[in-house]
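Because only heavy atoms are used, hydrogens play no part in the values below, and waters and symmetry mates are left out as well, while side chains stay in. As the structure lists them, so they are numbered: ligands from 1, and atoms in each ligand from 1.
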Amino acid sequence: MLRIGVLALQGDFAAHEDVITNLGHAAEAVRRARDLSTLDALIMPGGESSAMLRLMQAEDLGGAIAERIRGGLPVLATCAGVILLAHGVSPWQPSLGLLDIDVIRNAYGRQVHSAVEKIRLVEEFAEPREIDGVLIRAPRISRVGTRVDILAWFGNDPVLVRQGSIIGATFHPELGRDTRVHRQLLAMTGNDG
Ligand code: GLN
């Protein structure tokens, strides 16, 4: 059984915890730096990135998370979590800069304020490759660095990316029925037996 930390300061961390538990692994709430010590992987959920940034300042939790990710801890970031990891954020706000993409916050505006859209997974995934993706005031990925693989598209926009041990989804796989994105995180621990 893997120990999957879920950053639980704010946002929809409980939905991620349910997915991990349903997949037979232990979901552990991360609220302080010491909660990071024994994890096999980390999930940074959706919510409000500016609020999370503020809460992550306590005990420099943000710095501790960055250190573990640089050390190779596998991470799945969704929506606000992607904004926290991105290199560049527009309108500007601080970020950990560990994922070489730029994002525009709330870029889909009201049309996609909260919508289920068809998302196309790339060929490394088995069928079905067209899945439902829940977009909730999602950021738009406006630049993708050369070391970043695009794993899914919504129209012409990347919505699922991977760089080394980091997976970022601007949609919410934890709110859909398809668990493949979470299972990819588990596989990245090299220990999901
Ligand atoms: N708009 C939010 C932000 O900027 C992200 C929305 C989400 O995580 N569902 O933090």
Short N-O contact, Arg162 and Glu124, less than 4.0 angstrom: yes

For Gly46, atoms of ligand 1 separated by under 4.0 Å from a heavy atom: 8 (O)

From CD1 (Ile83) to CG (Leu99), nearest 0.5 Å: 12.0 Å

Atom indices of ligand 1, in the order listed, that fall short of 4.0 Å to a heavy atom of Cys79: 5 (C), 6 (C), 7 (C), 8 (O), 9 (N)

Between Ser49 and Gln93, a side-chain donor and acceptor under 3.5 Å: yes

Proximal atoms of ligand 1 relative to Ile83 (non-hydrogen, under 4.0 Å): 3 (C), 4 (O), 10 (O)

Closest non-hydrogen atom pair, Leu73 against Leu39: CD1-O, 3.6 Å

Which segment of Met52 sits under 4.0 Å of ligand 1 when only heavy atoms are counted: neither

Contact atoms of ligand 1, heavy-atom distance to Ser49 under 4.0 Å: 3 (C), 4 (O), 10 (O)

Shortest protein contact, atom 1 (N) of ligand 1 (heavy atom only): Asn106 OD1, 2.5 Å

Numbered atoms and elements of ligand 1 in range of Gly47, under 4.0 angstrom, heavy atoms: 2 (C), 5 (C), 6 (C), 7 (C), 8 (O), 10 (O)

Electrostatic pair Glu130-Arg120, nearest N-O below 4.0 angstrom: no

Option of least heavy-atom distance to atom 4 (O) of ligand 1 (set: Gln10, Glu48, Arg105): Arg105

Heavy-atom closest pair, residues Ala15 and Glu174: CB-CG, 3.7 Å

